[in-house]
Amino acid sequence: MAYADDVFIKMCRDIIDNGTDTTGEIVRPHWEDGTQAYTIKKFCVVNRYDLRKEFPILTLRRTALKSATDELLWIWQKKSNNINDLNSHIWDEWADETGSIGKAYGYQMAQKHQYKEGMFDMVDRVIWDLKHNPYSRRIMTNIYNFQDLHEMNLYPCAYSVTFNCTKDNESGKLVLNTILNQRSQDVLAANNWNVVQYSVLTHMMAQACDMIAGEFVHVIADCHIYDRHVPIIEELISRKPFDAPKFWINPEVKNFYDFTPDDVKVEGYQYGEQIKGIPIAI
């Protein structure tokens, strides 16, 4: 069994069996038909993935690696907030007539800030610190900008990433570890999608900075399964998982800004039947 499947199954079982049901409470999300979208939720779910051992992609169903990577690069590399720069339709619900999602995600990544070494946006500052001061405890991004929240079409869910370097005792090389902080997550729609994205980001940043990809830690404050997703989750976690595939990243790419979705793939990826037509709460 792939480690990612084991984590996912145990997390979902715990949420359904031991979580808090918000039915009848005041909630913001609703379904397309206008019905309020309630959840079963757990507080502060923390999952750890050692990327040196296995790439954490689900085999219970397929996670689209290239599409997930494309969205990641839309935010971290293109630093865009316009869906016309994205090769999928996952943000269409939150875009205006120009394609903008407001001052969210990539917009925040692109803002430059003054440091003693000069002006940097958040991504460039992370890369600079990893190359020049890797043992710093201040290598992070945070896009939850309170000043701009009223101009965001959706408040950031995955809002902060902290990078931390350790050392591999055998090779002496630096190991790059990351923590993703997420205020809220729709488990069925987004859990493994985000896990795959930020595992890819860890691999890309590590390669660009001549490091080894280490641990990815995923911290979710409000980890929830929507009411209409419970029977889908029950069926999903009853499936037989496969072994984890092997992750490949193009060894020729040394600059973070040169990566494309085609520079990553999973070899020998077996997975269960895809779930189609998942209702999405908005």
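Computed from a predicted structure; not experimentally measured. Atoms considered below: every heavy atom in the structure, side chains included; atoms not considered: hydrogens, waters and symmetry mates.
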Legend entry - Sole candidate of Tyr144, Trp91, Trp94, Trp76 that passes ring pair (Phe, Tyr, Trp, His ring centres under 6.0 Å) when paired with Tyr105: Trp91
Legend entry - Closest approach of Ile233 to Cys12 (non-hydrogen atoms, all atoms of both residues): CG2-CB, 3.8 Å
Legend entry - 4.5 Å side-chain heavy-atom contact, Glu267 and Pro245: no
Legend entry - Reference residue Trp193; test side chain to side chain contact (heavy atoms under 4.5 Å, CB included); the match among Leu58, Leu72, Ile90, Asp186: Ile90
Legend entry - Nearest atoms (heavy-atom pairs only) where Cys165 meets Leu130: SG-CD2, 3.8 Å
Legend entry - Over 12 non-hydrogen atoms of neighbours within 6.0 angstrom of NZ in Lys112: yes
Inset, instruction - Decide side-chain contact (heavy atoms from CB on, under 4.5 Å) for Ile127 and Met205; before the verdict, give the C-alpha distance in whole Å, the side-chain angles of both, and the deciding distance to 0.1 Å. - result: CA-CA 7 Å; Ile127 295 170; Met205 285 291 189; 3.8 Å; yes
Inset, instruction - State whether the number of non-hydrogen atoms from other residues, nucleotides or ligands found under 6.0 Å of Gln147 atom CD is greater than 12. - result: no
Inset, instruction - Compare all side-chain heavy atoms of Arg239 with those of Leu236 and state whether any distance is below 4.5 angstrom. - result: yes
Legend entry - Neighbour count above 12 (heavy atom, 6.0 Å) for His89 NE2: no
Legend entry - Pairwise side-chain contact, Gln270 with Asp243, heavy-atom cut-off 4.5 Å (strictly under): no
Inset, instruction - Would you confirm whether the ring centroid of His229 sits within less than 6.0 angstrom of the ring centroid of Trp31? - result: yes
Legend entry - Asp258 side chain vs Val253 backbone, donor-acceptor pair below 3.5 Å: no
Inset, instruction - Taking all heavy atoms of Lys78 and all of Trp74, pick out the closest pair and write down the distance. - result: CB-O, 3.5 Å
Inset, instruction - Would you indicate whether Lys41, at its atom NZ, is surrounded by more than 12 heavy atoms from other residues, nucleotides or ligands within a distance under 6.0 Å? - result: no
Legend entry - Side-chain donor/acceptor of Asp70 to backbone N/O of Pro261, under 3.5 Å: no
Legend entry - Residue pair Ser67, Ser88: steps toward the side chain to side chain donor-acceptor pair (under 3.5 Å) verdict: CA-CA 7 Å; Ser67 294; Ser88 64; over 6 Å; no
Legend entry - Shortest non-hydrogen contact from Pro56 toward Asn192: O-ND2, 3.0 Å
Show me the donor-acceptor pairs, under 3.5 Å and distance only, between side chains in residues 271-279 and residues at least two apart or in other chains.
| unit_1 | atom_1 | unit_2 | atom_2 | d |
| --- | --- | --- | --- | --- |
| Gln274 | NE2 | Arg62 | O | 3.0 |

Inset, instruction - Keeping to residues at least two apart or across chains, list the side-chain hydrogen bond (donor to acceptor under 3.5 Å, both in side chains) pairs with something in residues 149-159. - result: Lys103-Glu151
Legend entry - Pairwise side-chain contact, Phe120 with Val126, heavy-atom cut-off 4.5 Å (strictly under): no
Inset, instruction - For Lys79, enumerate each residue passing the salt bridge (Lys or Arg N to Asp or Glu O under 4.0 Å) test, keeping only those at least two apart in sequence or located in another chain. - result: Asp121, Asp124
Legend entry - Thr166 side chain to Asn177 side chain, donor-acceptor N/O pair below 3.5 angstrom: yes
Inset, instruction - For the residue pair Thr35 and Arg228, establish whether any side-chain heavy-atom pair is separated by less than 4.5 Å. - result: yes
Inset, instruction - Under the salt bridge (Lys or Arg N to Asp or Glu O under 4.0 Å) rule, collect the residues that match up with Glu117, sequence neighbours excluded. - result: Arg125
Inset, instruction - Flag the pair Asp148 / Tyr107 as yes when at least one side-chain heavy-atom distance between them is below 4.5 Å, and no otherwise. - result: yes
Inset, instruction - Look up atom OG1 in Thr20 and atom CG in Asn18, then write down how far apart they are to the nearest 0.5 Å. - result: 9.5 Å
Legend entry - Any donor-acceptor N or O pair under 3.5 Å, side chains Ser136, Asp129: no
Legend entry - Under-4.0 Å salt bridge between Arg13 and Glu234: yes
Inset, instruction - Write out all pairs satisfying salt bridge (charged side-chain N to carboxylate O under 4.0 Å, His left out) with one or both partners inside residues 211-221, taking only residues at least two apart or from two chains. - result: Arg48-Glu215
Legend entry - Separation of Leu154 CG from Glu93 CD (nearest 0.5 Å): 11.0 Å
Legend entry - Distance (rounded to the nearest 0.5 Å) between Ile83 CD1 and Asp92 CG: 4.0 Å
Legend entry - Gln185 and Asn191: side chain donor to acceptor below 3.5 Å: yes
Inset, instruction - Side-chain contact test, heavy atoms from C-beta onward, threshold under 4.5 Å: evaluate it for Met204 versus Gln77 and give yes or no. - result: no
Inset, instruction - Please check if the side chain of Asn81 supplies one atom and the backbone of Gly102 the other of a donor-acceptor pair under 3.5 Å. - result: yes
Inset, instruction - Could you check whether the rings of Trp128 and His132 sit parallel, tilted or perpendicular, using 30° and 60° as the cut-offs? - result: parallel
Inset, instruction - Can you measure from CD (Gln108) to CD1 (Ile75) and round to the nearest 0.5 angstrom? - result: 12.0 Å
Inset, instruction - For the pair Asp6 and Lys10, evaluate salt bridge (charged side-chain N to carboxylate O under 4.0 Å, His left out) and give the outcome as yes or no after the intermediate values. - result: CA-CA 6 Å; Asp6 186 48; Lys10 289 175 179 175; 3.2 Å; yes
Inset, instruction - Go through the structure and list residues passing ring pair (Phe, Tyr, Trp, His ring centres under 6.0 Å) with Phe256, not counting sequence neighbours. - result: none
Legend entry - salt bridge (Lys or Arg N to Asp or Glu O under 4.0 Å) partners of Glu32, counting only residues at least two apart: none
Inset, instruction - Rounded to the nearest 0.5 Å, what's the gap from OG1 on Thr59 to CZ on Arg61? Could you check? - result: 12.0 Å
Inset, instruction - Kindly write out the residues that satisfy ring pair (Phe, Tyr, Trp, His ring centres under 6.0 Å) with Phe43, not counting sequence neighbours, or none if the list is empty. - result: none
Inset, instruction - State which residues pass ring pair (Phe, Tyr, Trp, His ring centres under 6.0 Å) with His224; sequence neighbours excluded, sorted by chain then number. - result: Tyr226
Inset, instruction - Keeping the roles fixed (side chain from Lys66, backbone from Val264), state whether a donor-acceptor pair exists under 3.5 Å. - result: yes
Inset, instruction - Mark yes or no for whether Asp263, through its side chain, and Thr260, through its backbone, hold a donor-acceptor pair below 3.5 Å. - result: yes
Legend entry - Non-neighbouring partners of Asp210 that pass side chain to side chain contact (heavy atoms under 4.5 Å, CB included), sequence neighbours left out: Lys173
Inset, instruction - Measure from the side-chain N and O atoms of Thr178 to the backbone N and O of Phe163, and report whether any donor-acceptor pair falls under 3.5 Å. - result: no
Inset, instruction - Identify, with sequence neighbours excluded, every residue that meets ring pair (Phe, Tyr, Trp, His ring centres under 6.0 Å) alongside Phe8. - result: none
Legend entry - Closest approach of Lys42 to Gly19 (non-hydrogen atoms, all atoms of both residues): CD-CA, 3.8 Å
Legend entry - Residues Asp222 and Arg183 bridged, charged N to O under 4.0 Å: no
Inset, instruction - Please report the closest heavy-atom contact between Ser199 and Leu51, naming both atoms and the distance. - result: OG-CD2, 3.6 Å
Legend entry - Any Thr39 side-chain heavy atom under 4.5 Å of Glu25 side chain: no
Legend entry - Gln207 side chain vs Asn250 backbone, donor-acceptor pair below 3.5 Å: yes
Inset, instruction - List for me each residue that meets salt bridge (Lys or Arg N to Asp or Glu O under 4.0 Å) alongside Asp96, sequence neighbours excluded, and say none if there are none. - result: none
